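Notes follow once the structure below has been shown.
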Protein chains: 2
Amino acid sequence: MRKTRQYQAVLEALRSTRAHPSAEWIYDQVRGQVPGVSLATVYRILKTLEVEGVIASLEYAGRRTRFDGYPGPHNHIVCLRCGAIEDVEAAPDESTQKKIELSTGFRVSHYRFEWFGLCPRCATNSDPLRSKHSDSYYNSDKGAQHE
Amino acid sequence: MRKTRQYQAVLEALRSTRAHPSAEWIYDQVRGQVPGVSLATVYRILKTLEVEGVIASLEYAGRRTRFDGYPGPHNHIVCLRCGAIEDVEAAPDESTQKKIELSTGFRVSHYRFEWFGLCPRCATNSDPLRSKHSDSYYNSDKGAQHE
DNA sequence: AAGTTAGTGATAATGATTATCATTTTTATT
DNA sequence: AATAAAAATGATAATCATTATCACTAACTT
């Protein structure tokens, strides 16, 4: 992969935050650096970066994919209402993985371990839950509601 | 919710297997009992059952949702290639959850803990990976490849 | 039996992501 | 530098699981 302006802008945008943005939020940032960039290009570069292991994608059905520019040994806690994703250090212990491999015969490559609930702000705010297809975070036009 | 023929047929179809089927596989089963049933009705009933806590949905971005008719204290192991989902007893310990609640301020309602890898058959079979939009399990016409 | 409520079936709409393809940009070769 | 080959881009159409809509029907209530 060539280190094009688009490529660099995508990686910089993603790494500019610890808040796990969506492709569309990244797209908006990149447009500031490369005005005519296409959303398809952003998706393409994100996929390349993921395959290279440079970034990670966090996928939840019915919600847009969120990207993590600092993949490493950590897990996530996700707000059911606003979609906020924060890092968490806890992880299931490795001895469990060996047991599972023996009992199921699967060859395990990775695990997903995520807590779900309400973030502190959402826990005290009783706005209605929003539909599957609109995250408050990193939404294209409306902008983030909080944080 | 009235216990209509459609409702009962959906629940029976889902509970007829431990293999976590998709809405479309359930739809095919239900059609055997209620010939003119609509796919929309199946989705509607599945959503109701989930909200009632009678069943659980297992969601993976880009793949169709899979349903679990026997939700309980267990977790899953997922094959990256064929989409097979099997039950696993291991779970992260509860003391970790308390620590996370204190450090993040989130109010945790549930967690997701899943191992990914290749099932025994897929580990020894080198067919190409299929696209995001076609699971081999519970695919409408083609039927399951194995199991 | 009439009236209210809930559920259904058919189909259109949704929306994030991917595929396509002609064009442009970059790299390699002469 | 000129040309050829390879890769990346931008614009847009296509995909596809799921949801929304709405007219119609079945089920309860009194």
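Heavy-atom basis, side chains included; hydrogens, waters and symmetry copies ignored. What you see is a predicted model; the values in this text were computed from it and never measured. Throughout, a chain's letter reflects where its sequence line sits, starting with A, and its residues are numbered from 1.
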Take atom [atom1] of [X] and atom [atom2] of [N], then tell me their distance rounded to the nearest Å.
X	N	atom1	atom2	answer
D28(A)	dA16(C)	CG	P	12 Å
R31(A)	dA11(D)	CZ	C1'	14 Å
Y43(B)	dC16(D)	OH	C1'	9 Å
W25(B)	dA17(D)	CH2	C1'	19 Å
R64(A)	dT18(D)	CZ	P	18 Å
L39(A)	dT12(D)	CG	P	13 Å
Q8(A)	dT9(D)	CD	P	11 Å
K3(A)	dT9(D)	NZ	P	11 Å

| task | For the helix from dA1(C)-dT30(D) to dT30(C)-dA1(D), figure out the bend between the end axes, five pairs an end, and round to 10 degrees. | result | 20°

| note | Residues passing the salt bridge (Lys or Arg N to Asp or Glu O under 4.0 Å) test with E114(A), sequence neighbours excluded, are R112(A), R112(B)

| task | Only counting residues at least two apart or in another chain, list the ones meeting salt bridge (Lys or Arg N to Asp or Glu O under 4.0 Å) with R31(A). | result | D28(A)

| query | Who are the side-chain hydrogen bond (donor to acceptor under 3.5 Å, both in side chains) partners of E50(B), not counting sequence neighbours? | reply | S57(B)

| task | Please name all residues satisfying side-chain hydrogen bond (donor to acceptor under 3.5 Å, both in side chains) with R44(A), sequence neighbours left out, ordered by chain then number. | result | T41(A)

| note | Minimal heavy-atom distance between C79(A) and C119(A), with the atoms involved, is SG-N, 3.2 Å

| request: State which residues pass side-chain contact (heavy atoms from CB on, under 4.5 Å) with R5(A); sequence neighbours excluded, sorted by chain then number. | output: V34(A)

| said: Holding to side-chain contact (heavy atoms from CB on, under 4.5 Å), I want the full list of residues that pass it with L39(A), two or more places apart in sequence or in another chain. | reply: Y27(A), Y43(A)

| said: Listing request: all side-chain hydrogen bond (donor to acceptor under 3.5 Å, both in side chains) pairs with a residue in residues 98-107 of chain A, at least two apart in sequence or in separate chains. | reply: none

Output one line per pair: protein atom, nucleotide atom from nucleotides 6-8 of chain C, and distance, for all N/O pairs under 3.5 Å.
from: dA6(C); atom 1: O4'; to: R2(B); atom 2: NH2; distance (Å): 3.2
from: dG7(C); atom 1: OP1; to: R2(B); atom 2: N; distance (Å): 3.2
from: dT8(C); atom 1: OP1; to: T4(B); atom 2: OG1; distance (Å): 2.8
from: dT8(C); atom 1: OP1; to: Q6(B); atom 2: OE1; distance (Å): 3.4
from: dT8(C); atom 1: O3'; to: Q6(B); atom 2: NE2; distance (Å): 3.3

| Cation-pi geometry met for R18(B) and Y70(B) (6.0 Å, 45°) | yes

| query | Nearest of dA10(C), dT18(C), dT18(D) to any side-chain atom of A40(B)? | reply | dA10(C)

